[in-house]
Amino acid sequence: MHKLNVQILGPSSFVSTLNELKMFLKFNPLSNNFSNNSNIILFHVDALKDKKKKDLINNFDSIKICAGKRKDLIDIYDANIELPTSLTEINTIIDKTLAKKRFNKNSSIEIKSYFLNKN
């Protein structure tokens, strides 16, 4: 299976934890420089405190997944991961969110200013 490239943003402890556990993840965590070939951005809610990172997240054109405590999570993103969590839960949420996004994209057609849902 081809691994997804997932951009990781957040506190150093969040980023380093995911990097240490990458052999158990179904995706390739990218954490150094922001990469344009990322399929998904997974960020800790604390990343939104930094204006530069917040702008980067909000301008990202693909899937956005926010991780944090339930009271901190913002529901405007594609998915949320409540921390603490398990590796299985992280992998499941990423898989489900990607499948949902692909299904929605393949289920609609844009004709001029109209959207047609094939379902």
Side-chain angles (χ1 to χ4, degrees):
M1 176 182 182
H2 176 66
K3 283 197 169 191
L4 296 169
N5 288 324
V6 177
Q7 185 68 48
I8 309 295
L9 291 176
S12 60
S13 59
F14 179 71
V15 174
S16 65
T17 299
L18 289 173
N19 280 326
E20 288 173 11
L21 298 170
K22 69 177 155 183
M23 71 175 80
F24 302 105
L25 300 172
K26 291 183 179 179
F27 57 88
N28 181 30
L30 306 173
S31 57
N32 295 334
N33 295 326
F34 191 79
S35 174
N36 289 332
N37 65 350
S38 300
N39 306 97
I40 298 173
I41 188 166
L42 170 62
F43 62 94
H44 192 280
V45 73
D46 288 350
L48 298 173
K49 294 177 183 175
D50 181 335
K51 183 177 176 1
K52 184 178 175 184
K53 288 180 182 175
K54 184 176 181 177
D55 290 342
L56 188 66
I57 292 165
N58 290 331
N59 293 328
F60 189 71
D61 288 335
S62 198
I63 299 170
K64 302 169 193 166
I65 300 175
C66 180
K69 295 180 182 162
R70 184 72 235 162
K71 63 180 177 163
D72 296 337
L73 292 178
I74 300 170
D75 291 328
I76 61 172
Y77 299 107
D78 296 304
N80 292 312
I81 297 175
E82 187 174 352
L83 298 177
T85 191
S86 66
L87 292 172
T88 304
E89 184 70 15
I90 293 171
N91 286 326
T92 300
I93 289 174
I94 287 179
D95 284 344
K96 284 182 179 181
T97 306
L98 182 63
K100 180 180 175 183
K101 197 74 157 184
R102 285 181 178 165
F103 177 80
N104 288 339
K105 182 179 180 183
N106 292 331
S107 296
S108 61
I109 300 171
E110 184 178 353
I111 303 170
K112 295 187 180 183
S113 62
Y114 298 100
F115 283 98
L116 176 65
N117 187 332
K118 294 188 282 188
N119 295 320

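Checked by atom type and distance alone, the side chain of D78 never pairs as donor or acceptor with a backbone atom of I65 at under 3.5 Å. The backbone N or O of N5 lies less than 3.5 Å from a partner atom in the side chain of N39, making a donor-acceptor pair.
Considering only heavy atoms from C-beta on, H44 comes within 4.5 Å of L83 through its side chain. Contact of the L9 side chain with the F14 side chain is not registered, since no non-hydrogen atoms from C-beta on lie closer than 4.5 Å. Side-chain contact check for D95 versus K26: some heavy-atom pair is nearer than 4.5 Å. Side chains of I90 and L18 form a contact here, defined as non-hydrogen atoms less than 4.5 Å apart. In this structure the side chain of T97 never reaches within 4.5 angstrom of the side chain of I40, judged on heavy atoms.
With rounding to the nearest 0.5 Å, the separation of CZ in F27 from CG in L98 is 12.0 Å. Atom CD1 of I57 sits about 12.5 Å away from atom NZ of K52, to the nearest 0.5 Å. Annotation: the span from I8 atom CD1 to L30 atom CG amounts to 7.5 Å, rounded to 0.5 Å. How far OG1 of T88 is from CZ of F24: 11.0 Å, rounded to the nearest 0.5 Å.
Here the shortest heavy-atom pairing between K54 and L48 reads CD-O, 3.6 Å. Nearest heavy-atom pair across S16 and S13 is OG-O, 3.3 Å. Nearest heavy atoms, K64 versus Y77: O-CB, 3.5 Å. Between L73 and G68 the shortest heavy-atom distance is CD2-N, 3.3 Å. Closest approach of A79 to I93, counting heavy atoms only: CB-CG2, 3.9 Å. Minimum interatomic distance between K53 and A47 (heavy atoms only, all atoms of both residues): CB-O, 3.5 Å.
Under a hydrophobic clustering in which Ile, Leu, Val, Met, Phe, Trp and Tyr are joined whenever their side-chain heavy atoms come within less than 4.5 Å, directly or via other members, V6 and L25 fall into the same cluster.
No more than 12 heavy-atom neighbours from other residues, nucleotides or ligands sit within 6.0 angstrom of CG on D61.
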Verdict with reasoning, D46 to K49, per salt bridge (charged side-chain N to carboxylate O under 4.0 Å, His left out) | CA-CA 6 Å; D46 288 350; K49 294 177 183 175; 3.5 Å; yes
